[in-house]
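Letters A, B, ... mirror the listed sequences (proteins, then strands); counts begin at 1. Predicted model only: the values in this text are computed from it and were never measured.
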Protein chains: 2
Amino acid sequence: MASQRGEGETTATPLEPADRERARAIPEAAVARLAVYLRVLSGMADQGVTAVSSEELSQAAGVNAAKLRKDLSYIGSYGTRGVGYDVEVLVSHIERILGLTRNHSVAVVGIGNLGHALANYGGFPGRGFPVTALFDVDADLIGVPVGGIPVSHIDDITAVCLEREVSIGVIATPPPAAQSVCDRLVSAGVQCILNFAPVVLQVPDNVEVRKVDLAVEMQILSFHVARRADEAASVSVGNGLGVDGMVIRP
Amino acid sequence: MASQRGEGETTATPLEPADRERARAIPEAAVARLAVYLRVLSGMADQGVTAVSSEELSQAAGVNAAKLRKDLSYIGSYGTRGVGYDVEVLVSHIERILGLTRNHSVAVVGIGNLGHALANYGGFPGRGFPVTALFDVDADLIGVPVGGIPVSHIDDITAVCLEREVSIGVIATPPPAAQSVCDRLVSAGVQCILNFAPVVLQVPDNVEVRKVDLAVEMQILSFHVARRADEAASVSVGNGLGVDGMVIRP
DNA sequence: CCGACTTTGTGCATGCGTTCACAAGCGGTA
DNA sequence: TACCGCTTGTGAACGCATGCACAAAGTCGG
């Protein structure tokens with residue numbers, strides 16, 4: 001696989017551990033799926049399942065079996081032909097690849113509705129993502145504990161982030177504040193950002209941003225609703241008519 | 001995802017209005033970007049900007065200019081060569097393609113932390129996605145208004161969804177309840193679902209599901225943190241050494 | 001009215017991701 | 001031990017999306 005921009009191809013001198021080599025080559029889409037596999041596998045492990053075939057696992061994860069095997073091949077071959085995969089082995093290996101063997105301290109900025117929900121969300125700490133810092137500008141919130149963590153003022157973001165070794169910053173502020181908050185997080189050394197604000201963030205190359213945009217999700221669904229409605233209409237009404245019954249010509 | 005599969009290729013009989021024809025062909029990835037363009041354009045319109053070039057717009061949206069033009073070409077050509085695009089025209093056309101000319105009634109199921117946040121989230125109604133129904137199982141919540149809407153019991157989901165013509169269902173329940181809630185939404189005629197529960201939902205082909213999975217997002221970020229740490233380590237330590245300083249040979 | 005400049009729209013090549021299909025490998029069984 | 005059936009791992013083909021580069025098309029100044 002032609003890995004990205006080899007930076008002078010330091011790869012030419014190999015001898016790095018196989019995992020590291022592989023991690024670099026894992027497609028982004030596959031990483032997202034690995035996280036899903038991990039959850040499914042964890043669930044299976046909790047139920048006492050010890051082995052699983054690619055067919056079973058792929059169905060539970062809602063993907064093609066071949067794709068699943070290819071995804072797993074990116075992280076190395078840990079299955080047994082004729083048998084399947086050992087659940088425990090796979091879980092721990094995916095955890096290792098995803099960097100889940102250590103905790104990633106999370107800071108949430110913007111303690112509004114969403115920020116509250118995130119701070120109280122139980123799913124994070126249990127999975128190795130303890131929320132260790134909360135920030136807001138509202139003076140009434142400073143010092144108030146939310147989900148067990150007292151809210152700090154956003155001006156203290158650098159000091160607090162460094163002190164608590166925050167590795168992931170979550171932006172849950174109103175849109176106008178997002179870029180400024182992002183800049184502050186970056187200058188505090190945070191290299192990974194999860195952005196809930198409907199804003200396109202500008203960041204340096206060495207910072208990874210993922211965005212969760214509810215409005216966009218809704219609009220994508222809306223598009224599909226509209227497409228369906230159109231198809232239904234064009235079948236029942238016939239062709240040559242627009243939504244309003246107006247004839248449309250190119 | 002696999003919403004393609006032309007169902008016997010009704011496309012074979014053409015003569016449909018150009019837009020309908022196009023809508024079917026727009027790549028999923030492009031639809032997501034159109035929603036982003038729309039937001040950027042709306043912001044520009046609010047600031048009194050009337051015309052914009054593909055270069056400007058693409059920068060504001062954080063994408064390649066050529067890609068932007070291609071995306072816009074999927075919905076038809078509405079630019080003027082040598083000048084650019086009329087902001088108003090583009091806004092209204094994207095809105096039309098995305099089906100935003102009519103409101104899409106939204107139901108939120110699961111009024112926990114996240115459900116509260118969603119019900120109170122101001123971004124939805126303003127953009128044509130009024131939240132018209134809330135559901136939960138908790139008896140203490142039934143009838144309590146959240147964000148102005150009283151919570152209904154989940155057993156009434158079918159009647160309420162039909163009555164209020166819910167077109168999008170949002171699942172914000174704990175994981176174990178998600179599939180059951182999903183099934184009920186589907187049988188109430190809801191064809192689009194936005195799923196916040198970390199569960200792979202099984203739905204009929206005619207239902208569109210989009211999922212927002214915070215844990216997966218965090219784990220993707222974690223992967224990048226780990227990859228960075230590894231790269232940094234292998235650069236500073238040199239080659240042939242693993243993270244623990246052990247020499248590893250293939 | 002014409003020519004130069006600007007910007008769109010798109011054909012084409014490239015690369016990535018998905019899917020297929022099958023050989024290789026392993027456990028079970030006689 | 002040798003065979004049989006099952007499942008993995010992967011080479012290869014396909015399809016989609018991205019990015020480039022340029023012709024077409026329009027505006028603006030003279």
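Taking atom CG of B:Asp71 as the reference point, atom P of D:dA17 lies 10 Å away to the nearest angstrom. What separates NZ of A:Lys67 from P of D:dA13 is a distance of 21 Å, to the nearest Å. The CG atom of B:Leu68 sits 9 Å away from the P atom of C:dT8 (whole-angstrom rounding). For the pair B:Ile26 CD1 and D:dT18 P, the interatomic distance rounds to 13 Å; values are reported in whole Å. Distance OH (A:Tyr74) to C1' (D:dG11): 13 Å, rounded to an integer number of Å. Rounded to an integer number of Å, the gap from B:Tyr78 OH to D:dA25 P is 18 Å.
Remark: A:Leu41 CG to A:Ser92 OG distance equals 10.5 Å, nearest 0.5 Å. Annotation: the span from A:Leu194 atom CG to A:Phe129 atom CZ amounts to 10.5 Å, rounded to 0.5 Å. Summarising the geometry, atom OG belonging to B:Ser167 is positioned 5.5 Å from atom CZ belonging to B:Arg102; distances are rounded to the nearest 0.5 Å. Here the NZ atom belonging to B:Lys67 is positioned 13.0 Å from the CG atom belonging to B:Leu72, to the nearest 0.5 angstrom.
Of the residues A:Arg127, A:Arg210, A:Lys211, the one that meets the salt bridge (charged side-chain N to carboxylate O under 4.0 Å, His left out) test with B:Glu217 is A:Arg210. B:Val216 pairs in a side chain to side chain contact (heavy atoms under 4.5 Å, CB included) with only one of the listed residues (A:Val31, A:Val36, A:Leu34), which is A:Val36.
The side chain of B:Lys70 lies closest to D:dG19, out of C:dC20, D:dG19, C:dG17. Closest to the side chain of A:Tyr85, from the set C:dT8, D:dT8, D:dG19, is D:dT8. Taking every side-chain heavy atom of B:Pro27 into account, D:dA17 is the closest of C:dC22, D:dA17, C:dT18.
Of all non-hydrogen atoms in A:Tyr37 and A:Val63, the two that sit nearest each other are OH-CG2, 3.6 Å.
Relative orientation of the A:His93 and A:Tyr78 rings is tilted, given thresholds of 30° and 60° on the angle between their planes.
With DNA chain C read from its 5' end, the first of the two nearest nucleotides for B:Gly79 and A:Glu28 is the one closest to B:Gly79.
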May I have the step-by-step check of side chain to side chain contact (heavy atoms under 4.5 Å, CB included) for B:Ile193 and B:Cys182, ending in yes or no?
CA-CA 8 Å; B:Ile193 290 177; B:Cys182 175; 3.7 Å; yes
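For B:Asp213 (side chain) and B:Ala215 (main-chain N/O), a donor-acceptor pair under 3.5 Å exists by modelled atom type.
Listed in residue order, the members of residues 46-63 of chain B having a heavy atom less than 4.0 Å from DNA chain C are B:Ser53, B:Ser54.
Between B:Leu38 and B:Leu100 there is a side-chain heavy-atom pair separated by less than 4.5 Å.
Counted by atom type alone, B:Glu28 and A:His224 present one or more donor-acceptor pairs between their side chains at under 3.5 Å.
The side chain of A:Arg33 places an N or O atom within less than 4.0 Å of a non-bridging phosphate oxygen (OP1 or OP2) of C:dT18. For the pair A:Asn64 and C:dG17, the criterion of a side-chain N or O lying under 4.0 Å from OP1 or OP2 is not met.
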How does each nucleotide of nucleotides 1-6 of chain C score, in 5' to 3' order, for protein heavy atoms under 4.0 Å: base (B), sugar-phosphate only (S), or none (-)?
-----B
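With the end axes of the helix from C:dC1-D:dG30 to C:dA30-D:dT1 each set by five pairs, the angle from one to the other reads 10° at 10° resolution.
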